Amino acid sequence: SVVRQGAERGNLAEVEGGSGGHSKQHFHQIQPRGALPGRTVEARLDNPTNVCVWPMEMCSCLDMPQTCVFFPLIKAVENLCSHKISAKLYKQLRAVCEDHIKAQISQFREYPFPYALDSVLFLKKIDKCWQDHCRQMIMIRSIFLFLDRTYVLQNSMLPSIWDMGLELFRFYIISDLKVQSKTIDGILLLIERERSGEAIDRCLLRSLLSMLSDLQIYQDSFEQRFLEETNRLYAAEGQRLMQEREVPEYLYHVNKRLEEEADRVITYLDQSTQKPLIATVEKQLLGEHLAATLQKGLTHLLDENRIEDLSLLYQLFSRVRGGVQVLLQQWIEYIKVFGSTIVINPEKDKTMVQELLDFKDKVDHIIDICFMKNEKFVNAMKEAFETFINKRPNKPAELIAKHVDSKLRAGNKEATDEELEKMLDKIMIIFRFIYGKDVFEAFYKKDLAKRLLVGKSASVDAEKSMLSKLKHECGAAFTSKLEGMFKDMELSKDIMMQFKQYQNIPGNIELTVNILTMGYWPTYVPMEVHLPAEMVRLQEIFKTFYLGKHSGRKLQWQSTLGHCVLRAEFKEGRKELQVSLFQTLVLLMFNEGEEFSLDEIKLATGIEDSELRRTLQSLACGKARVLTKVPKSKDIEDGDKFSCNDDFKHKLFRIKINQIQMKETVEEQASTTERVYQDRQYQIDAAIVRIMKMRKTLTHNLLVSEVYNQLKFPVKPADLKKRIESLIDRDYMERDKENPNQYNYVA
């Protein structure tokens, strides 16, 4: 700065003045370059009456270049101060400087100022005057440094020579109302022009604002007006651009404005202006439009997954007080609304789980990249997921179980083991959000049973990995039955090895039996069918073998779960057919005859009507048509006749015929859900009795509250009230005779 530069030059002059050593106290006349014509500077210490003449003469020549030899003058000032006339010397120096500065004001008062061009010229003239003043005061201070360091320093009431110059310039030049007004107006006009995109002289602005800081009038004369103008400009700009521009474009404009203002602080504004200036821009361009910005564009940015725009949005909102909180609320609302469209719509049931997984990946990515892994956004996302996913009770749990089944089933070649493991981890995250975990368990158990019994499981490791995840999430009680199912399958293998060694099995049928513990597996309705004599004989042999080893047990054959491999002779050659037990019974009839009607097949096999129709449909109307039907149609009707298709052809040797009866029907879904509700009733009853046994007496509201705390699934108050009434009827508890709102435990 000019001040620092002056101080450095003054120090040089001090060194030079202090190092002189002249024996004579008499100086010859000096004619400085640039001095007024005919003027000389002379000082004789032997003539005290002329002691102050030369400083006055010298100071009137303020245009003297700095290259002038100052040493004789510096020495003269030192000698004069030694003669105790420092006060008079300081007073005369101030008077001369004051007269000189006074003379400068006239050139500014009448300066025309109607146009922008004139304002720039005016500012340049003010700047030149200031630069000249600084240069002159540096020279004077260098010469009078001894006076400044002795007399002035000892008199605390006197300003230093440099400060005296600043005072005089401030008082006579800048404090003049017209000059100050023109100067500030001109500076503000230049800044306004720069904000509108024009190129301006930034060095000029930096010099003028530095002048105001040095004169200590920056805050009072400039900063307040500058901030007011800034507030007015950006208030209008914010209102206009919010109407005209889309949110991404507006955000980039705001960011650009903030960068521009930060650059102004670095380039020419005082550092003290930075905080209020940036706060003003943030308030008018962001703070006033937080809700409007989000309502206008957040949904679009999230739908389009605009990562860069969302990152900028978060960064900008983080700068404004309350901005992140407003964004957080809109974020929660967006997740709830978008998630609800996935869950509520029954048409999306087939893709619901995959859409939920994709949506979860998307919001996780946005939180990680755009929201800087803000913990508040993570927790809000979890709460929002938990809210919308349970808006439709039970269905998401059922569909998640089916999705897992589709991934763990044999034939799923979409993923490697690592990808399958990652996918299961993602499903477990969604699983955590659902309330009806018992519904998931019921459907998962039913699907797991199919995979295990029909040998459709893609990987035992993947199955056990999923089981381990469920155990970790829900506890050992949740997975105990599922683990029992795996244990049954392993024990069945050992039993079958022992059975094969038991005795010679008659016939050419190879029997494999899976022994299922009834409590572990889903409930299956037994169906009595007419088996061939060879199969019945084998069943009896196995029954004798098994009960001989395990007395007191009862075997119940589940014909609905049986499956067989048949060898068949066609014109094309021998084939093997992988079919269900019901399909087997139908196909074996054609060893005894050429053609059979629907009623004849029903009578011979004993298969229930709807199950038989699905079975015949799979054999005569599917892709592998080993039977022909008359008349031809997609559905099985009364009176249809069936015969063996001797012309059957297929590229494979072993053909698996789609088992339509294994597909879940609406009735089966309803049955599974009904069993879940039944199990829930038992759990509610057990919880109520457990609480009442411990507390003995409890009011209705407290009992309901404690039951809710213990249950892991949602229950409607009306359903809970029914269970309480049921327990009262069964004498587990009773109403208090004096207070009907209170219950007593009955031992």
Side-chain angles (χ1 to χ4, degrees), residues 298-307 310 330-367 380-409 411-415 419-420 422-448 450-451 458 466 469-470 473 658 660 662-674 676-677 713-714 716:
L298 179 63
T299 300
H300 175 70
L301 295 181
L302 291 170
D303 286 343
E304 298 290 325
N305 206 26
R306 303 273 287 273
I307 298 299
L310 287 168
Q330 291 291 327
W331 167 250
I332 294 171
E333 193 61 30
Y334 172 80
I335 293 175
K336 288 180 180 178
V337 171
F338 190 92
S340 296
T341 60
I342 299 173
V343 172
I344 297 299
N345 189 357
E347 295 178 1
K348 288 194 171 185
D349 283 358
K350 289 184 179 179
T351 59
M352 180 197 291
V353 179
Q354 190 57 52
E355 286 189 37
L356 286 174
L357 292 172
D358 293 342
F359 183 48
K360 180 66 170 55
D361 285 344
K362 175 181 171 180
V363 296
D364 284 345
H365 185 66
I366 290 172
I367 290 173
M381 177 269 294
K382 291 178 181 177
E383 291 175 10
F385 260 80
E386 193 170 315
T387 300
F388 78 72
I389 208 169
N390 292 293
K391 279 188 175 181
R392 190 179 175 194
N394 303 326
K395 197 63 179 179
E398 174 190 335
L399 294 175
I400 290 171
K402 292 183 182 304
H403 188 79
V404 174
D405 176 57
S406 70
K407 298 300 180 184
L408 294 178
R409 199 183 303 154
N412 174 34
K413 299 177 181 177
E414 299 174 9
E419 291 170 341
L420 185 60
K422 288 180 181 177
M423 186 274 302
L424 293 177
D425 286 335
K426 290 180 180 179
I427 288 177
M428 288 305 300
I429 293 172
I430 301 295
F431 171 75
R432 289 189 189 112
F433 299 134
I434 60 175
Y435 291 150
K437 291 182 171 59
D438 52 346
V439 176
F440 171 89
E441 182 196 11
F443 282 95
Y444 182 81
K445 183 165 73 171
K446 187 161 64 66
D447 292 331
L448 174 62
K450 288 181 182 178
R451 294 197 299 275
M466 185 64 189
K469 295 179 197 299
L470 289 170
E473 185 66 31
N658 292 333
I660 294 176
M662 291 298 286
K663 290 187 177 180
E664 189 172 51
T665 62
V666 176
E667 291 81 3
E668 285 178 320
Q669 283 187 349
S671 173
T672 304
T673 306
E674 184 61 35
V676 170
Y677 287 149
F713 49 83
K716 293 178 182 177

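Keep in mind that this is a model prediction, so the values were computed, not measured.
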- [ ] Measure the shortest side-chain to side-chain distance between I307 and H365 over non-hydrogen atoms and say whether it is less than 4.5 angstrom.
- [x] yes
Open item on the list: Before you tell me yes or no, could you show the steps for D364 and K360 under salt bridge (charged side-chain N to carboxylate O under 4.0 Å, His left out), namely the whole-Å CA-CA distance, both residues' side-chain angles and the distance that decides it to 0.1 Å?
Closed with: CA-CA 6 Å; D364 284 345; K360 180 66 170 55; 2.7 Å; yes
TODO: Return the minimal non-hydrogen interatomic distance between W331 and A380, and the atom names on each side.
DONE: CD1-CB, 4.3 Å
- [ ] Would you indicate whether the side-chain heavy atoms of N305 and I366 approach each other to under 4.5 Å?
- [x] yes
Task: Polar side-chain atom of K395 near backbone of I344 as donor-acceptor pair, under 3.5 Å - done: no
Task: More than 12 heavy atoms from other groups under 6.0 Å of NZ on K422 - done: no
Task: CD1-CZ distance between I430 and F359, expressed to the nearest 0.5 angstrom - done: 9.5 Å
- [ ] Find the distance between CD1 (I427) and CD (Q354) and round it off to the nearest 0.5 Å.
- [x] 8.0 Å
Open item on the list: I want to check something: taking the side chain as every heavy atom from C-beta on, are N394 and I434 in contact at a cut-off of under 4.5 Å?
Closed with: no
TODO: Applying salt bridge (charged side-chain N to carboxylate O under 4.0 Å, His left out) between D405 and each of K450, K445, K446, R451, report the one that passes.
DONE: R451
Task: Point-to-point distance, once rounded to the nearest 0.5 Å, from CE of M428 to CG of L470 - done: 4.5 Å
- [ ] Specify the closest pair of heavy atoms between K469 and L424, including all atoms of both residues, with the distance to one decimal.
- [x] CE-CB, 3.9 Å
Open item on the list: Just verifying a value: how many Å separate K426 NZ and H403 NE2, rounded to the nearest 0.5 Å?
Closed with: 10.0 Å
- [ ] Tell me yes or no: between the side chains of N390 and E386, is some donor less than 3.5 Å from an acceptor?
- [x] no
TODO: Return the orientation label for the F385 and F388 ring planes: parallel under 30°, perpendicular over 60°, tilted otherwise.
DONE: tilted
Open item on the list: Between I429 and D425, is there a side-chain heavy-atom distance shorter than 4.5 Å?
Closed with: no
Open item on the list: Return the NZ to CG distance between K407 and L420, rounded to the nearest 0.5 Å.
Closed with: 8.5 Å
TODO: Check P396 against M352 and note the closest heavy-atom contact, atom names and distance.
DONE: CA-SD, 4.1 Å
Open item on the list: Are the side chains of V343 and L356 in contact, using a 4.5 Å heavy-atom criterion?
Closed with: yes
TODO: Evaluate the salt bridge (charged side-chain N to carboxylate O under 4.0 Å, His left out) criterion for residues R392 and D349: first the C-alpha distance (whole Å), next the side-chain angles of each, then the deciding distance (0.1 Å), finally the verdict.
DONE: CA-CA 12 Å; R392 190 179 175 194; D349 283 358; 2.7 Å; yes
Task: Spacing of CG belonging to L399 relative to OG1 belonging to T351, to within rounding of 0.5 Å - done: 9.5 Å
- [ ] Flag the pair V404 / F443 as yes when at least one side-chain heavy-atom distance between them is below 4.5 Å, and no otherwise.
- [x] no
TODO: Kindly give the heavy-atom pair with the smallest separation between K336 and A384, and that separation in Å.
DONE: CG-CB, 4.0 Å
Open item on the list: side chain to side chain contact (heavy atoms under 4.5 Å, CB included), that's the test. Do Y444 and L408 meet it? Break it down for me.
Closed with: CA-CA 11 Å; Y444 182 81; L408 294 178; 4.0 Å; yes
